[in-house]
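Here the structure comes first, spelled out in structure tokens, and everything after it is commentary.
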Amino acid sequence: MANVVIVGAQWGDEGKGKIIDFLTESSDIVVRAQGGNNAGHTVIVDGEKHVLHLIPSGILWPDKMCVIGNGVVMDPVSLLGEIDGLRARGRAITPENLLLSNRAHLALPTHRALDRFREARLGAGKLGTTGRGIGPAYADKAHRGGLRLADLMVPKDFAAKLEPKVAETNELLATVGLEQLHFADVRDELLAAGERLAPHVTDTAVFIHRQLKAGKSLLFEGAQGSHLDVDFGTYPFVTSSSTIAGGACTGAGVGPHAIDRVIGVCKAYTTRVGSGPFPTENEAFSDKLHTLGREFGATTGRPRGCGWLDLVLLRYSAIISGMDELAVTNLDGLDDFATIPVCVAYELDGQRIETPPVRIEDWDRITPIFEDWDGWQQDISAVRRWQDLPANARRYLDRLSEALELPIKMAGVGPDRSQTLVR
């Protein structure tokens with residue numbers, strides 16, 4: 001298999017973990033290149049559900065190497081909890097199958113506290129973050145004041161660098177009446193985590209380079225989706241990193257020539273967690289999916305807003321990541337509908353537009369333009385071959401492929417690994 005980047009084409013939660021897990025069988029190494037533990041990949045294997053937050057989805061294959069790259073902001077305590085949880089379920093986690101970049105920045109308790117502080121100050125205008133400290137961690141990185149995993153490997157120096165951060169954070173927390181941090185507790189917990197993680201820490205860029213030279217195939221994954229990208233998403237209601245394909249290069253330390261293929265992943269409809277624009281959101285559709293037990297956040301458990309498929313978002317995602325093909329998940333979520341509305345364009349100030357607005361103020365003024373596509377009104381969760389899909393389900397995928405000028409080679413009809421159809 002070639003070296004492949006998997007990209008979410010919507011606002012995250014597209015089912016990337018399932019597609020990554022499926023493609024891992026044909027890859028040697030899976031690399032997580034950005035994000036933090038503010039998002040989760042849900043993978044179901046033989047009926048057993050796994051929710052992964054920092055560890056790459058490839059960890060569920062026993063003979064694969066997983067790498068957490070420099071572009072990730074890493075909460076070491078959360079990572080250890082994830083490792084211990086996997087071990088408790090019989091999964092081996094060793095330096096032979098999990099490596100951590102010594103250049104990865106740390107998401108600290110101070111960052112989580114700053115998330116709470118900033119959301120408290122924003123009040124009704126809050127961004128709807130998960131409170132995991134991801135934005136403040138990336139801000140520290142950009143301000144050149146962050147601490148990295150390499151710092152945690154030198155306990156004395158790390159403690160000296162951490163103490164003023166805790167003190168500064170406590171000063172801010174005091175202004176809004178939030179509970180303050182205890183430096184000794186924060187220091188001891190982090191140093192204990194660092195000691196356990198130390199065998200996994202290395203310069204992963206050098207490791208990846210050597211594997212590429214040896215002809216190994218790599219699969220690059222990230223968190224969230226294209227429209228949460230800090231540059232190209234619905235700013236400021238975005239995450240704090242680059243979620244598009246180019247972010248895989250900077251977040252792992254590889255040149256763009258190393259990437260052979262970019263696969264976008266989208267749902268057969270659209271979902272969003274948290275605040276921000278969502279022009280195709282539909283309350284009745286959301287209620288129906290929630291009643292079926294679908295569409296709750298893997299990390300927060302919050303119900304996702306649900307809406308119809310939005311081709312404006314998908315076209316733009318394909319452009320900014322240079323997608324070569326598309327994988328469509330959750331096709332079975334549309335099983336009950338006789339007709340399925342699909343947003344084919346927006347109207348803004350009387351003009352038809354096919355790219356997303358740049359200014360957040362303009363999102364409130366757009367009107368989605370819908371077409372009705374025929375539904376199939378039957379349960380497809382037991383289908384295992386593309387040609388056995390109902391004719392209208394295949395037509396739905398074909399029309400989507402034609403509209404985006406992208407081949408669709410994979411489709412999901414349920415959450416399990418086995419419920420992935422290949423064209």
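Any value given below was found using the heavy atoms of this structure, including those in side chains, with hydrogens, waters and symmetry copies removed.
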Could you check whether [X] pairs with [Y] (Lys NZ or Arg NE/NH1/NH2 to Asp/Glu carboxylate O, under 4.0 Å)?
| X | Y | answer |
| --- | --- | --- |
| Arg417 | Glu25 | no |
| Asp324 | Arg261 | no |
| Arg304 | Asp13 | yes |

Might you confirm whether atom [atom1] of [X] has over 12 heavy atoms from other residues, nucleotides or ligands at distances under 6.0 Å?
| X | atom1 | answer |
| --- | --- | --- |
| Arg89 | CZ | yes |
| Tyr235 | OH | no |
| His182 | NE2 | no |
| Glu405 | CD | no |
| Glu361 | CD | yes |
| Glu48 | CD | yes |
| Glu168 | CD | no |
| Arg103 | CZ | no |

[Y] and [X] side chains, donor-acceptor separation under 3.5 Å:
| X | Y | value |
| --- | --- | --- |
| Arg423 | Ser401 | no |
| Thr420 | Lys18 | yes |
| Asp140 | His105 | no |

Just by distance, do the side chain of [X] and the backbone of [Y] share a donor-acceptor pair under 3.5 Å?
| X | Y | answer |
| --- | --- | --- |
| Trp11 | Val273 | no |
| Arg294 | Thr291 | no |
| Ser226 | Gln10 | no |
| Glu221 | Ile20 | no |
| Thr329 | Glu14 | yes |
| Arg272 | Pro277 | yes |
| Lys16 | Gln224 | yes |
| Ser217 | Asn3 | no |
| Arg132 | Asn37 | yes |
| Asp332 | Ile380 | no |

Closest non-hydrogen atom pair between [X] and [Y], with its separation:
| X | Y | result |
| --- | --- | --- |
| Ile244 | Ser321 | CB-OG, 3.3 Å |
| Val312 | Thr355 | CG1-C, 3.7 Å |
| Leu54 | Glu82 | N-OE1, 3.0 Å |
| Pro76 | Ala107 | CD-O, 4.0 Å |
| Arg116 | Glu179 | NH2-O, 4.5 Å |
| Ser57 | Gly17 | OG-CA, 3.8 Å |

Any side-chain heavy atom of [X] within less than 4.5 Å of one from [Y]?
| X | Y | value |
| --- | --- | --- |
| Pro56 | Ile68 | yes |
| Phe183 | Asn170 | no |
| Arg118 | Pro136 | yes |
| Leu311 | Leu400 | yes |
| Ser317 | Met323 | yes |
| Asp229 | Val238 | no |
| Met410 | Ile263 | yes |
| Ser381 | Asp335 | no |

Tyr269, Tyr396, Phe285 screened by ring-ring contact (aromatic ring centres under 6.0 Å, His included) with Trp308, the one that passes:
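Between Trp308 and the candidates, ring-ring contact (aromatic ring centres under 6.0 Å, His included) is satisfied uniquely by Phe285.
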
Yes or no on side-chain contact (heavy atoms from CB on, under 4.5 Å) for Tyr346 and Asp310, after CA distance, side-chain angles and deciding distance?
CA-CA 10 Å; Tyr346 298 156; Asp310 189 331; 2.6 Å; yes

Anything under 30° is parallel, anything over 60° is perpendicular, the rest tilted; go ahead and classify Tyr316 against His227.
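Tilted: the ring planes of Tyr316 and His227 meet at 30° to 60°.
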
Could you point out which residue of Ile29, Val5, Val4 forms a side chain to side chain contact (heavy atoms under 4.5 Å, CB included) with Leu219?
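Output: one option passes, namely Val4.
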
Working to the nearest 0.5 angstrom, can you tell me the gap between Leu172 CG and Phe117 CZ?
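If I round to the nearest 0.5 Å, the distance is 4.5 Å.
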
